[in-house]
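Worksheet: one structure, shown below.
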2 protein chains.
Amino acid sequence: MKQKYNLIANELRRQNIRLSHLRKKVLEYLCQNPNHPTVDEIYVKIHKEVPNLSRTTIYNTLHILIKAGLLRLINIEDNETRYDIATQNHGHFKCEECGAIFDFNIDIDSFPIKELTGFKITDKNVYFKGVCPGCLLNIKNDN
Amino acid sequence: MKQKYNLIANELRRQNIRLSHLRKKVLEYLCQNPNHPTVDEIYVKIHKEVPNLSRTTIYNTLHILIKAGLLRLINIEDNETRYDIATQNHGHFKCEECGAIFDFNIDIDSFPIKELTGFKITDKNVYFKGVCPGCLLNIKNDN
DNA sequence: TTTAAAAATTGTAATGATTACAATTTATTA
DNA sequence: TAATAAATTGTAATCATTACAATTTTTAAA
Ligand SMILES: [Mn+2]
Ligand SMILES: [Mn+2]
Ligand SMILES: [Zn+2]
Ligand SMILES: [Zn+2]
């Protein structure tokens, strides 16, 4: 999505964070693949065009984007960190059959929680797990 | 909490899962420390009483309890897995200053999500991050 | 343009939590 | 008691992430 890319590029400029060639590649990938990729998925793809790419550069870029508030780190499975260029408030559903992660809208702010009065909340996360409709259908047909 | 322990012990018996000496220790620890401990915190404590304890045993026991549906794995930070003996639906708040994890009540089921119609949902998680009141006070006083 | 300083990138090694697995010990059953 | 099954140990392997020094590239100054 070119629009998203431009918005983020502007914000980086505003924050005096340089958008180098490689960082552009990473940002382009993230905007074009909002399906919550892993570091390795990003690396493997960009590595095809830039053979002497280092994984460290991917990590660096992702950390920079996160620090700038332009990327969200998603922690559903304990062994695979994923990244989400969509920073607006939304929830995630992970299918435990096919591994896909689906976005869904949830207005978590509409649930004021009494117990957290006096807490400073900076980040809200919601994620569900289960089986997606496609996989449910496959499972049924396999019987 | 002795009551919780007994409930879980009964359920394990019902599922034909043996409650060995070491598993008892782990379960006792979890019931007495519902503050979402890490594997290492559990290991270090029990190791004092059982010097030739193996970390593998802790991992085994935790995996067994999770599989039996009696323990929840909590994934807030990507480098520290935590465990929660409270399996009823509730949310977590992690203070990024002191690291403490607070429970809070949230009836996530009262938010039907249209986009997930046709999905089989087996697990719902909510966690927030920020700063707890105690740490907010300390920060203010440090100025 | 030339030069010096700063920033970005690379590549290798270290870290650390989790898992794999064979050997050993302990508990259960016949 | 002996045979079998289950639990536990301890070491090695795995694998994602981080640390960090060396190198390359970019930027800014002279
Ligand atoms: Mn998302
Ligand atoms: Mn909890
Ligand atoms: Zn699926
Ligand atoms: Zn705190």
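Because the structure is a prediction, the values reported are computed rather than measured. Letters A, B, ... are given to chains in the order of the sequence lines, protein chains preceding strands, and every chain is numbered from 1. Worth knowing before you read on, the calculation uses all heavy atoms, side chains too, and leaves out hydrogens, waters and symmetry mates.
Between Pro51(A) and Ile17(A), the residue anchored nearer the 5' end of DNA chain C, judged by the nucleotide with its closest heavy atom, is Ile17(A).
Applying a 4.0 Å cut-off to non-hydrogen atoms, none of the residues of residues 32-45 of chain A approaches DNA chain C. Across residues 58-78 of chain B, Tyr59(B), His63(B) each have a non-hydrogen atom less than 4.0 Å from an atom of DNA chain C (numbered order).
Arg55(A) comes within 4.0 angstrom of nothing in the nucleic acid, heavy atoms only. Residue contacts shown for Thr56(B) include a base, since a base heavy atom lies under 4.0 Å away.
Taking Ile, Leu, Val, Met, Phe, Trp and Tyr as members and joining any whose side-chain heavy atoms lie under 4.5 Å apart, directly or through other members, the hydrophobic cluster of Ile76(B) also contains Ile74(A), Ile76(A), Ile101(A), Tyr127(A), Ile74(B), Ile101(B), Tyr127(B). Under a 4.5 Å side-chain heavy-atom criterion applied to ILVMFWY residues, the cluster that includes Leu7(A) comprises that residue alone.
Between Leu65(B) and Arg23(B), every side-chain heavy-atom pair lies at or beyond the 4.5 Å cut-off. With contacts defined as side-chain heavy-atom distances shorter than 4.5 Å, the pair Val50(B)/Asn52(B) qualifies. Residues Ile42(A) and Leu62(A) form a side-chain contact, since some pair of their non-hydrogen atoms from C-beta on lies under 4.5 Å apart.
Atom-to-atom, CZ of Arg82(A) to P of dT17(D) comes out at 11 Å; the value is rounded to the nearest Å. Regarding Asn79(A), its CG atom lies at a distance of 9 Å from the P atom of dT17(D), rounded to whole Å. Distance CG (Leu22(A)) to C1' (dT26(D)): 13 Å, rounded to an integer number of Å. Computed from coordinates, the Leu53(A) CG to dT24(D) C1' distance equals 15 Å when rounded to whole Å.
Remark: the backbone N or O of Lys129(A) is paired with a side-chain donor or acceptor of Thr122(B) at under 3.5 angstrom. Within the 3.5 Å criterion, the main-chain N or O of Tyr43(A) finds no donor-acceptor partner in the side chain of Arg55(A). Remark: side-chain polar atoms of Gln15(B) are paired, donor with acceptor, to backbone N or O of Ala68(B) under 3.5 angstrom.
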Expected list for residues 108-117 of chain A: side-chain donor-acceptor pairs under 3.5 angstrom, two or more places apart:
{"unit_1": "Asp109(A)", "atom_1": "OD1", "unit_2": "Lys124(A)", "atom_2": "NZ", "d": "2.7"}
{"unit_1": "Ser110(A)", "atom_1": "OG", "unit_2": "Asp107(A)", "atom_2": "O", "d": "2.7"}
{"unit_1": "Glu115(A)", "atom_1": "OE1", "unit_2": "Asn105(B)", "atom_2": "N", "d": "2.7"}
{"unit_1": "Glu115(A)", "atom_1": "OE2", "unit_2": "Asn105(B)", "atom_2": "ND2", "d": "3.3"}
{"unit_1": "Thr117(A)", "atom_1": "OG1", "unit_2": "Lys114(A)", "atom_2": "O", "d": "2.6"}

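The aromatic ring centroids of Phe128(B) and Phe104(B) lie less than 6.0 Å from each other.
In summary, contact between chain B and DNA chain C, defined as any nucleotide atom under 4.0 Å from a heavy atom of the protein, begins and ends at dA17(C) to dT28(C) in the 5' to 3' direction.
A side chain to side chain contact (heavy atoms under 4.5 Å, CB included) with Asp84(A) holds for exactly one of Leu30(A), Leu73(A), Asp103(A); it is Asp103(A).
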